[in-house]
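Here the structure comes first, spelled out in structure tokens, and everything after it is commentary.
Small disclaimer: the values here were computed from a predicted structure and weren't measured. Computed from heavy atoms alone, side chains included, the values below leave out hydrogens, waters and symmetry copies.
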Amino acid sequence: MSNEKVKKLLAAQLNVGLETVKDDSKIVEDLGADSLDMIEMLMSLEEQFGVSVSDEEAEKLKTVGDVIKLIDSKSGK
């Protein structure tokens with residue numbers, strides 16, 4: 001299930017506790033990501049799930065739920 005995998009990846013990438021990574025958590029405001037964190041996160045997601053995320057799609061990723069929906073749609077879930 002990509003939901004838990006995405007949350008674990010984000011928690012590790014952003015050095016936050018897994019319990020703080022909720023579907024409605026804002027990646028920048030709530031989890032403290034900066035622009036470099038976002039780039040590294042996207043690279044990790046692309047590698048982990050075998051998907052490609054365009055710049056336009058990346059700009060729309062505001063919450064953990066947004067990331068999960070994008071990964072699910074791209075990985076055919």
Side-chain angles (χ1 to χ4, degrees):
M1 178 184 228
S2 61
N3 190 332
E4 284 305 308
K5 280 176 81 175
V6 168
K7 288 180 180 179
K8 285 179 183 175
L9 188 145
L10 290 175
Q13 192 83 41
L14 300 174
N15 202 25
V16 296
L18 184 59
E19 69 281 355
T20 64
V21 182
K22 309 274 186 236
D23 286 0
D24 61 349
S25 297
K26 292 186 175 110
I27 298 167
V28 174
E29 292 90 341
D30 297 337
L31 302 179
D34 61 22
S35 57
L36 181 59
D37 289 327
M38 292 295 287
I39 292 167
E40 290 174 347
M41 176 194 74
L42 289 170
M43 289 170 51
S44 295
L45 289 167
E46 288 177 335
E47 183 178 314
Q48 182 82 29
F49 293 98
V51 298
S52 179
V53 179
S54 71
D55 291 342
E56 292 79 25
E57 290 168 323
E59 289 174 16
K60 296 176 185 168
L61 300 177
K62 304 295 181 207
T63 67
V64 173
D66 293 340
V67 175
I68 293 167
K69 283 185 218 153
L70 179 68
I71 296 300
D72 283 349
S73 72
K74 289 192 163 280
S75 60
K77 302 238 177 207

Only residue of Leu70, Leu61, Val51 satisfying side chain to side chain contact (heavy atoms under 4.5 Å, CB included) with Leu42 is Leu61
So NZ of Lys74 and CG of Leu45: to nearest 0.5 Å the spacing works out to 11.5 Å
Applying side-chain hydrogen bond (donor to acceptor under 3.5 Å, both in side chains) to Glu46 and not counting sequence neighbours gives none
Separation between NZ (Lys69) and CG (Asp66), nearest 0.5 Å, reads 5.5 Å
Legend entry - More than 12 heavy atoms from other groups under 6.0 Å of CD on Glu47: no
So NZ of Lys5 and CD1 of Ile68: to nearest 0.5 Å the spacing works out to 12.5 Å
As a quick check of understanding, evaluate side-chain contact (heavy atoms from CB on, under 4.5 Å) for Lys22 and Val64, giving each step before the final call.
CA-CA 7 Å; Lys22 309 274 186 236; Val64 173; over 6 Å; no
Taken to the nearest 0.5 Å, the spacing of Leu14 CG from Leu9 CG works out to 9.0 Å
Output for pair (Leu36 CG, Glu40 CD), nearest 0.5 Å, gives 4.0 Å
Residue set satisfying side-chain hydrogen bond (donor to acceptor under 3.5 Å, both in side chains) with Thr20, at least two apart, ordered chain then number -> none
With sequence neighbours left out, the residues meeting side-chain hydrogen bond (donor to acceptor under 3.5 Å, both in side chains) with Asp30 are none
CD of Gln13 to CE of Met38, rounded to nearest 0.5 Å, is 11.0 Å
May I ask you to test the Lys62-Val28 pair for a side-chain heavy-atom distance under 4.5 Å? no
Between Ile27 and the options Val67, Asp37, Thr63, Val21, the side chain to side chain contact (heavy atoms under 4.5 Å, CB included) test singles out Val67
| Should we count CG of Asp34 as having more than 12 external heavy atoms under 6.0 Å? | yes
Heavy atoms of Ala58 and Val53 approach each other most closely as N-CG1, 3.9 Å
In terms of heavy-atom contacts, Ser52 and Glu57 come closest through O-OE1, 3.9 Å
